[in-house]
Amino acid sequence: MSLLSSARMAPVRARLDVIVRQWRASPAQRLWQLWLDELRGCLPARARQWLVDETPVQTWQWPLVAPLATRRHDARQVLLLPVSAVMVQRLQLPLAASRDLMSVVGYELDKFTPFPRDQLYYVARQDGRSAGLVQVTLVAIARARLDRILADCAELGLTPNIVDVCGKDGTLLGVDLLPDGLRPAQARSGRGWQRKLVWLCGGLLIALMVLWLQDRQQLLAQMQATVQAQKSDVAQIQQLRQQLTNTQGAVQYLAQRKAAQPTMAALLSELTACLPKDTWIDQLEIDDSAEVSLSGQSAKASALIARLKDCRSLENPQFQGVIQPDADTGKDHFSLRAHLHQEAAHASTPDTP
């Protein structure tokens with residue numbers, strides 16, 4: 001059963017190894033490490049000691065000089081090879097090669113070095129991209145030579161955790177030529193889990209704060225939309241109220257005007273009393289502006305203005321046009337215009353007691 005499980009997990013482990021190698025060879029890993037170093041420098045000493053796994057590093061220059069200095073058991077042992085002991089090549093590969101850089105370089109290794117692939121330990125580090133090409137630094141060393149170096153280190157009591165290369169100017173290439181099978185497994189202490197849990201809790205707390213802020217912003221936006229809708233409704237209500245007030249004012253005004261004007265029956269009764277018996281009216285009109293137009297015939301039309309002044313319901317009576325005699329009736333045809341008195345409705349008429 002265990003053999004079957006191991007066979008099933010073999011492709012997964014191989015894929016994980018490819019991902020790990022790509023990460024170690026990518027510029028993002030170096031930028032991430034630089035960012036972590038800057039972040040560690042910003043933390044207080046106690047917080048840095050608790051949260052960050054600051055494993056000390058002890059470096060050794062090859063060739064080693066016996067006897068070795070005191071080796072710290074809690075430190076990460078780094079063996080630095082001189083650049084003359086390795087082969088360094090600057091390559092330009094197609095952009096598609098960055099998906100599996102180690103495998104692509106391994107297939108073409110005999111073109112870049114005088115040794116076949118099975119005789120070399122190598123690391124391909126991606127340095128950048130430009131014009132559809134990926135810039136790669138290839139660092140390789142003969143297996144027999146590195147195995148002999150590691151054997152000499154073991155005889156002197158040194159088991160390196162990392163094998164890096166030191167340039168002529170003293171800068172490190174930032175690679176690890178140590179074979180995968182010789183890399184020591186890192187023990188996961190309880191304190192390491194505590195640090196990871198603390199970082200996880202911090203990340204979850206930040207995510208919770210961001211989600212809470214987003215929820216508050218959405219709620220605020222909804223409240224603002226509701227307030228804006230209520231303002232629009234209030235504006236419409238105020239507009240309707242103003243229209244209702246204007247309509248009520250117009251109705252009251254018309255009612256007052258109508259109440260102030262005399263009724264048609266009262267006006268006819270008063271005209272009957274004011275006009276002489278030899279006068280009759282052919283046409284009587286009252287418009288909305290309380291203007292009264294009347295026309296008819298009278299034996300003495302010129303005296304009608306004086307007689308109409310006695311009518312309390314009419315004001316400022318005046319002739320319209322000229323008085324024309326009628327040959328058939330022998331009377332004068334007249335046309336008058338006057339204005340209704342607004343308070344005439346409250347006055348008593350000859351027919352009212």
Side-chain angles (χ1 to χ4, degrees), residues 6-39 57 59 61-62 76 78-150 160-186 203:
S6 300
R8 291 179 177 177
M9 294 300 296
V12 178
R13 293 196 187 96
R15 183 57 184 170
L16 290 177
D17 291 340
V18 171
I19 295 174
V20 171
R21 288 197 301 268
Q22 289 178 348
W23 168 251
R24 289 176 178 173
S26 64
Q29 193 272 343
R30 295 194 297 275
L31 294 175
W32 172 258
Q33 193 62 41
L34 290 175
W35 183 80
L36 288 180
D37 293 340
E38 293 291 336
L39 185 60
V57 177
T59 59
Q61 292 282 350
W62 180 261
R76 183 182 293 110
V78 178
L79 179 63
L80 300 180
L81 301 180
V83 71
S84 58
V86 298
M87 294 173 285
V88 180
Q89 292 281 348
R90 308 292 181 181
L91 308 177
Q92 286 187 346
L93 300 177
L95 192 60
S98 60
R99 299 178 181 177
D100 193 356
L101 189 59
M102 291 292 292
S103 299
V104 173
V105 174
Y107 292 141
E108 304 290 335
L109 201 59
D110 54 348
K111 296 181 180 179
F112 307 132
T113 64
F115 300 94
R117 179 179 181 180
D118 56 354
Q119 297 182 9
L120 292 175
Y121 293 124
Y122 68 95
V123 174
R125 186 187 70 189
Q126 180 178 337
D127 295 330
R129 300 180 181 183
S130 63
L133 298 175
V134 58
Q135 311 295 329
V136 179
T137 298
L138 172 62
V139 182
I141 186 172
R143 292 196 176 195
R145 186 171 190 178
L146 183 58
D147 292 340
R148 186 170 58 254
I149 291 174
L150 295 177
N161 303 109
I162 298 175
V163 177
D164 203 348
V165 179
C166 182
K168 295 181 179 180
D169 56 354
T171 59
L172 304 182
L173 295 185
V175 297
D176 186 6
L177 292 171
L178 190 66
D180 294 337
L182 299 179
R183 292 176 182 174
Q186 297 180 355

Which side-chain N or O atoms in residues 140-148 pair as donor and acceptor under 3.5 Å with protein atoms at least two apart or in another chain?
from, atom 1, to, atom 2, distance (Å)
Arg143, NE, Leu120, O, 2.9
Asp147, OD1, Tyr121, OH, 3.2

Can you list everything that forms a side-chain hydrogen bond (donor to acceptor under 3.5 Å, both in side chains) with [X]? Sequence neighbours excluded, please.
{"X": "Asp169", "result": "Thr171"}
{"X": "Asp110", "result": "none"}
{"X": "Gln92", "result": "Gln135"}
{"X": "Glu108", "result": "Lys111"}

**Study point:** Validation row: Val123, Asp176 side chains within 4.5 angstrom (heavy atoms)
**Key:**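 No; the side chains remain at least 4.5 Å from each other.
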
Check your understanding: Side chains of Val105 and Leu138: does their closest heavy-atom pair fall under 4.5 Å?
Key ->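 Val105 reaches Leu138 side chain to side chain.
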
Shortest non-hydrogen contact from [X] to [Y]?
{"X": "Thr59", "Y": "Leu80", "result": "CB-CD1, 4.2 Å"}
{"X": "Ala124", "Y": "Leu101", "result": "O-CD2, 3.8 Å"}
{"X": "Pro94", "Y": "Val134", "result": "O-CG1, 3.4 Å"}
{"X": "Gly106", "Y": "Arg117", "result": "O-CD, 3.4 Å"}
{"X": "Val83", "Y": "Gly167", "result": "CB-CA, 4.3 Å"}
{"X": "Leu178", "Y": "Ile162", "result": "CD2-N, 4.4 Å"}

Exercise for review: Sorted by first residue and then second, give each salt bridge (Lys or Arg N to Asp or Glu O under 4.0 Å) pair with at least one member in residues 79-95; sequence neighbours left out.
Suggested key: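 Only Arg90-Asp127 qualify under salt bridge (Lys or Arg N to Asp or Glu O under 4.0 Å).
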
Review point. Between Tyr122 (side chain) and Met102 (backbone), is there a donor-acceptor pair under 3.5 Å?
Key: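 Judged by distance alone, yes, a pair lies under 3.5 Å.
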
Exercise for review: Verify side chain to side chain contact (heavy atoms under 4.5 Å, CB included) between Asp164 and Val175, making sure each step is shown before the conclusion.
Suggested key: CA-CA 5 Å; Asp164 203 348; Val175 297; 3.5 Å; yes

